S.K.: 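This structure is in structure tokens; I'll ask about it shortly.
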Number of protein chains: 2
Amino acid sequence: MVTSEQVARLAGVSRATVSRALNGSPRVSAEARKRIQEAIASLGYEPDVVAQSLVRQRSRTIALCLFYGDRKSTVFSSFGETQHYFYLDMLRDVEQEIAAAHYDLLLPSSPYAQKNYVRSLQMRHVAGIIAVAMNPADARIKALLEAAIPTVFIDSISQGKNSTYVTSDNLEGSRQATEHLIQLGHQRIVTLISGTDGPIGSARLTGYRQALQQAGLPIDDQLIYPSGWNTEEAYQTTLTLLQERQPRDFTAIVAGSDLMAIGVLRALHQHGLRVPGDVSVVGFDDVNLCRYTEPPLTTIRQNRAAMVQAAVQRLISMIESEDEQHASGLPPIITPIELVMRESTGPVTLPDQA
Amino acid sequence: MVTSEQVARLAGVSRATVSRALNGSPRVSAEARKRIQEAIASLGYEPDVVAQSLVRQRSRTIALCLFYGDRKSTVFSSFGETQHYFYLDMLRDVEQEIAAAHYDLLLPSSPYAQKNYVRSLQMRHVAGIIAVAMNPADARIKALLEAAIPTVFIDSISQGKNSTYVTSDNLEGSRQATEHLIQLGHQRIVTLISGTDGPIGSARLTGYRQALQQAGLPIDDQLIYPSGWNTEEAYQTTLTLLQERQPRDFTAIVAGSDLMAIGVLRALHQHGLRVPGDVSVVGFDDVNLCRYTEPPLTTIRQNRAAMVQAAVQRLISMIESEDEQHASGLPPIITPIELVMRESTGPVTLPDQA
DNA sequence: CTGAAAGCGCTTACAG
DNA sequence: CTGAAAGCGCTTACAG
């Protein structure tokens, strides 16, 4: 392995000077700098990042952490489930943004131990953390907030000394989805909603209610069907719904996510109901797959790129602004959403027309 | 930060002894060991992995590398594309297996520089590499093979001093898919195939041909439709196919992947063709989504868990068997596949019956 | 502008 | 079984 020592020798300077040149210190003569460059090139030198991390007490590494359920779940064991394809699509941008800032992404093999969890991250000298906390009650989160490692949460309302969060305007998204249906003449609108005890689910439920209210429509809580986030549960829930209700008792469904909508579509199809002829369906997220469902899915697009960009930028700036802790907590970032109309929604057809 | 120094002091021993106790050396008295354990517990000590990496010249980190196209593509920028959902599903297992072995997963922010690529991995002291090389021509791969960092490739035929690969039995999978259709009475079977210049695509094409041959059916190269791996291209290709050919000129389609099959289904549906009534369709991979397509997709299941387990186990054993290089190259691992019958395939309906 | 020296937190021969 | 010492490859006050 070629070290800075060898570069120094070849360039006829000390290791200190090599280090300065490498780190862009102004206190290096043009001459020395040039010789060092040459030596580096001819030796193919690359600094040892591990040694750098040790002495700087900080690595150029950002950890991606996930809190999901209280099982020993890893990042992908959760994202890999279909209901989280949305987050998966985000990871692309996460990685890209982080790489662009010249940080590595680390997926720690975190043991579930609550105490050692934070400590082990500290011992890895991670510069910061991008965290997705699907289960906000996870004890590790509190520890993380206290530890004051720069952290940006995605989709979970956690703030601390050195942490903040970014999330879509879920309320507004759900409101627009519902409003869209109302404008098409729908009045009896079912919502299949998940995680109403969490920030995402509850915001979406509120948006649904708000839209009805704004339109002066009655809110029938019986039309609110709790369901899991995943395709299978949404499918089962829809089956139950179809068993419980007469065909004309509702004319539209707002699904909590696209993957849930896929389950909804399948159940409707099995019952011989046409979409949007008999029932209109709206998803949420705008996952890639929406274009290929039958029919293509009208949905609420979350601006993943904007979310991630905001998250990473904020994180980097927290990291690089050094120890300056924001005791008050940093303001969260709410990114805008957008209604994407495809073919799963249409005007309501009145019973007599049917 | 609490260091081994403090543990040593509290336990009344030297740092060397603490280190030995920590690393399970037998050369520590039961007494000392006990005091050290107590000190560790009371101080909440956790060793600094960065310092360990420096002195051991190796970190407990495995890099996940991806070679895809010649663009500056990151792991997820490629896996995030729908055509690679298959690999995404694998990552879950990759992470799990790696975590189980107490290694961290690193996604390096690899600059595209070919030379520094390997060097930068070396400088991160990664213990080993899991590599997915969709573009086997990528120059970085050769460099990697030469560098002899323990590496296991997934789905690409690359072997070197300290590297091998794991892949499904693609040929057999494709052969079984085709054979399944033949047994249902199909004779004119189209295949939408991708990457026939690569190991996966070519193996699958061979399997298709082999099945026809074994059944004594003629091989009509006109029925082989090249296409990209993604849904959109498969959709377009199917549209072309439907324009070029009479409805009865073929009765089944073997798609190169499930995501391609989704595009196929959509195109068929748009043309008013029923599946499997008019055309049978088989996918490849058995992605989660297959259960929710319309109709649920018959496909070839790749045993992702087995692939990953084999890959990680092999990698770890390469890492831990130390420098013992296998000049001859290690044998590759071929994992078995399985035909999963769902509802997108059915017996051929003869023209006169139609 | 530059170098000698100390130090980051650990491990590991080497002696005992 | 244990400790003092050297060392992993770098950075950074401190002097000059």
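None of these values were measured; they are calculated from a predicted model. To find a chain, count down the sequence lines: A is the first, B the second, and so on, and within it residues start at 1.
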S.K.: Tell me whether the rings of Phe153(A) and Phe67(A) are parallel (<30°), tilted (30 to 60°) or perpendicular (>60°).
M.R.: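 Ring orientation of Phe153(A) relative to Phe67(A): tilted.
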S.K.: When you compare dT12(C) with dG16(C), how far apart are their C1' atoms, in angstrom units rounded to a whole number?
M.R.: 16 Å
S.K.: For Ser4(A) and dG9(D), is the shortest distance between a side-chain N/O and OP1 or OP2 below 4.0 Å?
M.R.: no
S.K.: Under 4.0 Å from OP1 or OP2 of dG9(C): is there any side-chain N or O of Gln57(A) that close?
M.R.: yes
S.K.: Whole angstroms only, please: what is the CG-P distance between Leu43(A) and dG9(D)?
M.R.: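 It is 15 Å, rounded to the nearest whole Å.
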S.K.: If pairing requires Watson-Crick or G-U wobble contacts with both distances under 3.5 Å, which nucleotide is the partner of dC14(C)?
M.R.: dG3(D)
S.K.: Arg15(A) has an atom CZ; how far is it from atom C1' of dG7(D), in whole Å?
M.R.: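 About 11 Å, once rounded to whole Å.
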S.K.: Do the side chains of Asp93(A) and Arg304(A) get close enough for a salt bridge, i.e. N-O under 4.0 angstrom?
M.R.: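 Answer for the salt bridge query: no.
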S.K.: Enter the distance from Ser4(A):OG to Leu43(A):CG here, rounded to the nearest 0.5 Å.
M.R.: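 If I round to the nearest 0.5 Å, the distance is 11.0 Å.
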S.K.: Ignoring backbone atoms, test whether Ser29(A) places a side-chain nitrogen or oxygen under 4.0 Å from the OP1 or OP2 oxygen of dT2(C).
M.R.: yes
S.K.: Return the value, rounded to whole Å, for the distance between atom CD of Gln6(B) and atom P of dC8(C).
M.R.: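 Rounded to the whole Å, the gap is 12 Å.
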S.K.: Within the structure shown, what part of the strands sits under 4.0 Å from Arg56(B) by heavy-atom distance: base, sugar-phosphate, or nothing?
M.R.: sugar-phosphate
S.K.: Could you please name the option among dG3(C), dG9(D), dA13(C) that lies closest to any side-chain atom of Arg20(B)?
M.R.: dA13(C)
S.K.: Output yes when a side-chain donor or acceptor of Asp138(A) lies under 3.5 Å from a complementary backbone atom of Arg140(A), and no otherwise.
M.R.: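 The answer is yes, because a donor-acceptor pair under 3.5 Å joins these two groups.
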S.K.: May I have the distance from Gln52(A) (atom CD) to dG9(D) (atom P), rounded to whole angstrom?
M.R.: 13 Å
S.K.: For DNA chain C, whose closest nucleotide is more 5', that of Leu54(B) or that of Ala16(A)?
M.R.: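 Counting from the 5' end, the first nearest nucleotide belongs to Ala16(A).
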S.K.: Pick base, sugar-phosphate or nothing for Val13(B), based on heavy-atom distances below 4.0 Å to the nucleic acid.
M.R.: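 Here Val13(B) touches the backbone only, sparing every base.
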S.K.: In whole angstroms, how far is the P atom of dG3(C) from the CD atom of Glu5(A)?
M.R.: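 So the CD-P distance, Glu5(A) to dG3(C), works out to 12 Å.
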S.K.: Expressed in angstrom and rounded to an integer, what is the separation of Arg58(B) atom CZ from dT12(C) atom C1'?
M.R.: 16 Å
S.K.: Tell me what Val55(A) touches on the nucleic acid: a base, only sugar-phosphate, or nothing, going by heavy atoms under 4.0 Å.
M.R.: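 Base contact.
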S.K.: Quick one: Asn23(B) CG to dG9(C) C1', roughly how many Å, whole number?
M.R.: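 Atom-to-atom, Asn23(B) to dG9(C), this comes out as 13 Å.
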S.K.: Please check this pair: side chain of Arg27(A) against backbone of Arg20(A), looking for a donor-acceptor N/O pair closer than 3.5 Å.
M.R.: no
S.K.: Expressed in angstrom and rounded to an integer, what is the separation of Gln122(A) atom CD from dG9(C) atom C1'?
M.R.: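 Rounded to whole Å, this separation is 15 Å.
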S.K.: Pick the closest DNA chain D nucleotide for Glu31(B) and for Leu22(A) by heavy atoms, then say which residue is nearer the 5' end.
M.R.: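 Its nucleotide being nearer the 5' end, the pick is Glu31(B).
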